[in-house]
Amino acid sequence: MKILILGNGGREHAIAWKLNAFSHEVFIHPGNAGTIKEGFPSFGTLTSPKEIASVAKEKNIALIIIGPEQLLAEDYASTFRNLGFWVVGPAREAAKLETSKIFSKEFMVRAGVPTAHFTVYDNLDSFQRDLISFTYPTVLKLDGLAAGKGVTIAKNRQQAIAFAENVWVEQSFGPLPQRVLVEEFIAGVELSYLGFCDGNTFLPLSSSTDFKRVFDFDEGPNTGGMGAVSPSPHLTVELEAQITRTIVAPILNTLIQEKIEFRGILYIGIMIDNHKTPFVLEFNTRFGDPETQSLLMRLDSDLLPTLMATAKGELAKAPILKWREETSIYVVGATAGYPENPVLGSEITGLDSISPDTQVFLGGVAASSHGLVTAGGRVLGVGALGCTISEAREKAYRRLRQISWKGMHYRTDIGL
Ligand code: AMP
Ligand code: GLY
């Protein structure tokens, strides 16, 4: 069966790599110069879902997997479904679980899943009126999509005001109206719990933990994710049972009750607080990047039957996925200046060397007369498997050190 993956990052490369290992023919659109070089053809520069669908029909593609949230927000999923494709990715209404943080918090409240208390503001005056009552640190979130930049943890009143002014006065996140959530800060450790979901059944992938800040030991601004480890060192059997009972079951009940059709990946971002209680921080309605790369390093089964079962709404009948016992580590190499001002166009060297049990996934790269150059913040990443975290770390970092470009930086503490 022929499969089309939409997107251009390391996540899309990893999904294609895993499908290809089971001899499925995979296209990635638009992909990047690296994924094309790896043998995953692109459709070129097409952007409209109708044009993409028409080329997909010509090529006999049956299944479309939507990578980035932006395409879900633009309802590519419904366009493709209406044209007769099987699709992994929810329609716009259901994708609001990711694209609107307020919609998603209100859904969590109706479902009764544990989540941080919050208040919604739609203008600077009411925000300033309440400022005196905030306790710090406090979490401030823009309602809409902001490429990972819409969340700030304010340590004091000045930082809270600065965020609010950014939103409503400078309008750095786009024109008004804008809404902001002010949320109780929960201290703890984070877990990314991803599953296939068809609206009735949730089939978890293995667990992972993402390293979101740009610098070692969680310093610096948030990014899309600088690395991941799978399985998550924070997940125990007891905790997973609790997540199933207090989070997954009520989510499914509410999806069913409210007739929200969801066929895609539901990514539940969880904070496990210091009393070991899991709280939902956010939903994403797609594969996470870089969690997917670390997860798929450990998957031993063919992904296609589960993806098809998701698209068809038949997950209850899907085969059990087999995961390797080993740990995997995924470390992202970023461009100079990432995340604020990524420097593009630097020549990348060292991609040709080989080391066992590692895999390079290409994201922000483009072709030039010298070979591949940097073309995005998160350029590429290295995944590695090991019997222990330290063995996986050693393999991943050894491979990553062979690769370089001007100003390349990466975290050295992934998995620690
Ligand atoms: P979100 O996009 O909502 O997941 O937020 C991005 C990151 O901000 C999360 O991965 C957490 O590290 C942090 N964060 C979000 N909400 C909270 C919260 N209520 N308490 C503590 N940290 C949070
Ligand atoms: N790694 C977090 C995300 O995919 O949004």
Side-chain angles (χ1 to χ4, degrees), residues 7 9-12 14-15 66-70 72-73 95 97-105 107-108 113-119 134-155 163 173 180-194 205 207-214 217-230 232 234 264-274 277-296 330-332 334 339 361 363 377-378 381 411 414:
R11 161 183 59 196
E12 287 76 15
I15 300 167
I66 302 179
E69 62 274 22
Q70 193 56 45
L72 297 170
L97 287 172
E98 168 163 8
T99 60
S100 164
K101 289 201 183 283
I102 295 172
F103 178 89
S104 104
K105 288 292 271 193
F107 177 92
M108 290 181 222
V113 303
T115 189
H117 296 293
F118 67 100
T119 315
F134 299 170
T135 51
Y136 297 94
T138 200
V139 186
L140 306 168
K141 299 185 177 181
L142 192 77
D143 179 43
L145 289 179
K149 296 186 185 123
V151 177
T152 284
I153 297 175
K155 293 200 184 83
F163 182 84
F173 294 101
V180 167
L181 276 150
V182 175
E183 201 174 287
E184 166 205 11
F185 177 83
I186 301 176
V189 291
E190 282 184 62
L191 168 72
S192 301
Y193 199 66
L194 281 74
L205 285 93
S207 61
S208 57
T209 281
D210 176 16
F211 290 67
K212 286 209 167 74
R213 304 292 193 102
V214 68
F217 307 111
D218 290 336
E219 299 285 341
N222 260 332
T223 68
M226 293 296 289
V229 55
S230 172
S232 169
H234 310 307
I265 304 298
L266 183 62
Y267 164 143
I268 311 176
I270 293 175
M271 184 72 85
I272 303 160
D273 79 356
N274 298 331
T277 304
F279 288 84
V280 178
L281 291 184
E282 63 157 349
F283 295 123
N284 293 320
T285 56
R286 51 171 173 85
F287 283 107
D289 185 343
E291 289 91 335
T292 301
Q293 292 89 312
S294 70
L295 286 162
L296 295 187
Y330 184 75
V331 188
V332 170
F361 296 118
R378 292 189 291 173
R411 280 182 64 156
I414 304 300

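This one's a predicted model, so the numbers in the text were calculated from it and none came from an experiment. In each ligand, atom 1 is the first atom listed, and ligand 1 is the first ligand listed.
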Hey, can you tell me if F103 and F107 have their rings parallel, tilted or perpendicular (30° and 60° cut-offs)?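 Plane angle under 30°, so parallel.
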Can you say whether the rings of F173 and F163 are parallel (under 30°), tilted (30 to 60°) or perpendicular (over 60°)?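 If you compare the ring of F173 with that of F163, the planes turn out tilted.
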Just need the protein heavy atom nearest to [atom], so name the residue and atom and give the distance.
{"atom": "atom 13 (C) of ligand 1", "result": "I153 CD1, 4.0 Å"}
{"atom": "atom 20 (N) of ligand 1", "result": "I186 N, 2.8 Å"}
{"atom": "atom 4 (O) of ligand 1", "result": "E282 CD, 2.9 Å"}
{"atom": "atom 2 (O) of ligand 1", "result": "K101 NZ, 3.0 Å"}
{"atom": "atom 7 (C) of ligand 1", "result": "N222 ND2, 4.0 Å"}
{"atom": "atom 5 (O) of ligand 1", "result": "V151 CG2, 3.6 Å"}

Between E190, R213, K212, K141, flag the one that comes closest to atom 11 (C) of ligand 1 by a heavy atom.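 Minimum heavy-atom distance to atom 11 (C) of ligand 1 goes to E190.
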By side chain to side chain contact (heavy atoms under 4.5 Å, CB included) - contacts of T119 (at least two apart):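 So T119 forms a side chain to side chain contact (heavy atoms under 4.5 Å, CB included) with Y121.
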By number and element, which atoms of ligand 1 are closer than 4.0 Å to a non-hydrogen atom of [X]?
{"X": "V139", "value": "16 (N), 17 (C), 18 (C), 19 (N), 20 (N)"}
{"X": "L281", "value": "3 (O), 9 (C), 11 (C), 16 (N), 17 (C), 18 (C), 19 (N)"}
{"X": "M271", "value": "21 (C), 22 (N)"}

I need the single residue from N222, T223, V332 that forms a side chain to side chain contact (heavy atoms under 4.5 Å, CB included) with V214. Which is it?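 Answer after filtering N222, T223, V332: T223.
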Taking V151 as the fixed residue, which of E282, K101, K212 is the one that meets the side chain to side chain contact (heavy atoms under 4.5 Å, CB included) rule?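 Testing each of E282, K101, K212 against V151, the sole residue satisfying side chain to side chain contact (heavy atoms under 4.5 Å, CB included) is K101.
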Let me see the working for Y193 and L266 under side chain to side chain contact (heavy atoms under 4.5 Å, CB included), right down to the final yes or no. CA-CA 8 Å; Y193 199 66; L266 183 62; over 6 Å; no
I want to check something: taking the side chain as every heavy atom from C-beta on, are H117 and E183 in contact at a cut-off of under 4.5 Å?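 Not in contact.
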Under 3.5 Å: donor-acceptor pair, side chain of [X], backbone of [Y]:
{"X": "S294", "Y": "E291", "result": "yes"}
{"X": "T138", "Y": "A154", "result": "no"}
{"X": "R378", "Y": "G225", "result": "yes"}

Hey, is K105 close enough to D143 for a salt bridge, meaning N to O under 4.0 Å?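 Result for this pair is no, no salt bridge flagged.
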Which protein N or O atoms sit under 3.5 Å from any N or O of ligand 2? Give each pair with its distance.
{"unit_1": "ligand 2", "atom_1": "1 (N)", "unit_2": "D210", "atom_2": "OD2", "d": "2.8"}
{"unit_1": "ligand 2", "atom_1": "1 (N)", "unit_2": "G224", "atom_2": "O", "d": "3.1"}
{"unit_1": "ligand 2", "atom_1": "1 (N)", "unit_2": "D289", "atom_2": "O", "d": "2.9"}
{"unit_1": "ligand 2", "atom_1": "1 (N)", "unit_2": "E291", "atom_2": "OE1", "d": "2.9"}
{"unit_1": "ligand 2", "atom_1": "1 (N)", "unit_2": "E291", "atom_2": "OE2", "d": "3.3"}
{"unit_1": "ligand 2", "atom_1": "4 (O)", "unit_2": "R286", "atom_2": "NH1", "d": "3.0"}
{"unit_1": "ligand 2", "atom_1": "4 (O)", "unit_2": "D289", "atom_2": "N", "d": "2.9"}
{"unit_1": "ligand 2", "atom_1": "4 (O)", "unit_2": "D289", "atom_2": "O", "d": "3.4"}
{"unit_1": "ligand 2", "atom_1": "5 (O)", "unit_2": "R286", "atom_2": "NH2", "d": "2.8"}

